[in-house]
Protein chains: 2
Amino acid sequence: MSVRSIKDVAAAVRGRRHDLGISQVELARRAGVSRKWISEFEAGKSTAEFGLVLRVLDALALSLELRDASSTQDGPSDRGAVDLDLLLNRFRASDAAEAGDE
Amino acid sequence: MSVRSIKDVAAAVRGRRHDLGISQVELARRAGVSRKWISEFEAGKSTAEFGLVLRVLDALALSLELRDASSTQDGPSDRGAVDLDLLLNRFRASDAAEAGDE
DNA sequence: CTACCATGTAACCGCACGGTGTCAATCACG
DNA sequence: CGTGATTGACACCGTGCGGTTACATGGTAG
């Protein structure tokens with residue numbers, strides 16, 4: 001499942017936690033964070049530290065995969081070469097205005 | 001590629017950025033973060049905000065996938081049911097001591 | 001040699017992250 | 001009914017994140 005915003009991770013974490021039938025307290029203890037953190041994170045707090053998120057995912061046996069956004073599955077022909085130029089073009093025009101979060 | 005620590009993401013980002021031949025200033029501008037942040041993040045700062053990391057990955061056309069840590073590839077038979085009990089066992093014994101990062 | 005760019009790093013600062021502690025609401029028990 | 005567990009929300013606080021600015025270094029042209 002693709003992670004578009006932190007809410008995706010949050011939902012997954014909460015779901016997984018429910019599947020495991022463990023409480024926030026238990027997860028917090030396992031991951032080494034505070035219960036407040038778990039609570040806020042599961043609510044979709046995008047400012048959560050990456051390291052802590054990783055710890056929680058680890059505690060739930062969830063893992064993050066890093067991949068090319070363009071390649072749907074595997075890179076068959078010439079691994080990453082096409083979309084590079086494609087990206088470079090988008091760098092000509094500039095301006096950032098992404099803010100789907102919170 | 002599996003993300004074990006933030007350094008994995010950091011390395012990927014830096015690599016991708018080099019592939020694209022863009023500077024930290026450019027990436028920072030595209031992602032809407034400061035150059036200092038890029039610099040520190042690429043150095044492996046694990047306290048980076050998840051949201052910002054997501055922004056940078058997006059700017060580089062990299063994406064994060066969330067998946068089961070146990071399922072190596074696809075989950076064919078009964079989706080997530082085996083490892084749940086397996087995980088539950090690990091919750092009996094407690095104590096958290098994961099700290100591969102910095 | 002002198003620019004210029006890219007990058008690391010320092011100092012400074014506002015602000016909010018994350019931890020601790022607490023309370024109320026909710027639900028499931030017996 | 002009362003009791004306990006779970007969770008959201010609050011106040012409080014110290015620390016450090018992230019932004020800005022500035023400087024030093026190393027590489028690369030010219």
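Chain identifiers are assigned alphabetically (A, B, ...) following the order of the sequence lines, protein sequences preceding nucleic acid strands; residue numbering begins at 1 within each chain.
- Here the C1' atom of nucleotide dC27(C) and the NE2 atom of His18(A) are 13 Å apart, to the nearest Å.
- Salt-bridge formation is detected for the pair Arg16(B)/Asp68(A): a Lys NZ or Arg NE/NH1/NH2 atom is positioned less than 4.0 Å from an Asp or Glu carboxylate oxygen.
- Here Lys45(A) reaches the OP1 or OP2 of dC17(C): one of its side-chain N or O atoms lies under 4.0 Å away.
- Residues Glu65(A) and Leu64(B) form no side-chain contact, since every pair of their non-hydrogen atoms from C-beta on lies 4.5 Å or further apart.
- Phosphate contact (OP1/OP2 of dG8(C), side-chain N/O of Gln24(B), threshold under 4.0 Å): present.
- Considering Ile6(A), Thr47(A), Val33(A), Leu52(A) in turn, Ile6(A) is the only one that fulfils the side chain to side chain contact (heavy atoms under 4.5 Å, CB included) rule with Phe41(A).
- The phosphate of dG19(C) (OP1 or OP2) has no side-chain N or O of Arg29(A) nearer than 4.0 angstrom.
- Rounded to whole Å, the distance from CG on Leu27(B) to C1' on dC5(C) is 17 Å.
- Rounded to a whole Å, the CZ atom of Phe41(A) is 17 Å from the C1' atom of dT7(D).
- For Thr47(B) and dC17(D), the shortest distance from a side-chain N or O to OP1 or OP2 is below 4.0 Å.
- Residue Ser34(A) places no side-chain N or O under 4.0 Å from the OP1 or OP2 atom of dG18(C).
- In this structure, the CD1 atom of Ile22(B) is 9 Å from the P atom of dT7(C), given to the nearest Å.
- Toward the 5′ end of DNA chain C lies the nearest nucleotide of Arg35(B), the other residue of the pair Glu49(A) and Arg35(B) mapping further downstream.
- Using a 4.0 Å cut-off between charged side-chain N and carboxylate O, Arg30(B) and Glu26(B) make no salt bridge.
- Taking 4.0 angstrom as the limit, Arg14(A) places a side-chain polar atom (N or O) nearer than this to OP1 or OP2 of dG8(D).
- Contacts classified as ring-ring contact (aromatic ring centres under 6.0 Å, His included) and involving residues 4-33 of chain A (residues at least two apart or in different chains) are not found.
- One can place CD1 of Ile6(B) at 12 Å from C1' of dC17(D), the figure rounded to the nearest angstrom.
- Atom CD in Glu40(B) sits about 8 Å away from atom C1' in dC17(D), given to the nearest Å.
- Each of Arg17(B) and Lys36(B) lies near DNA chain C, and the nucleotide nearest Arg17(B) is the one positioned closer to the 5' end.
- For Glu42(A) and dT6(D), the CD to C1' distance is 12 Å, given to the nearest whole Å.
- Within 4.0 Å of Ala43(B), counting heavy atoms only, lies no atom of the nucleic acid at all.
- In this structure, Arg55(A) atom CZ and dG18(C) atom P are separated by 11 Å, rounded to whole Å.
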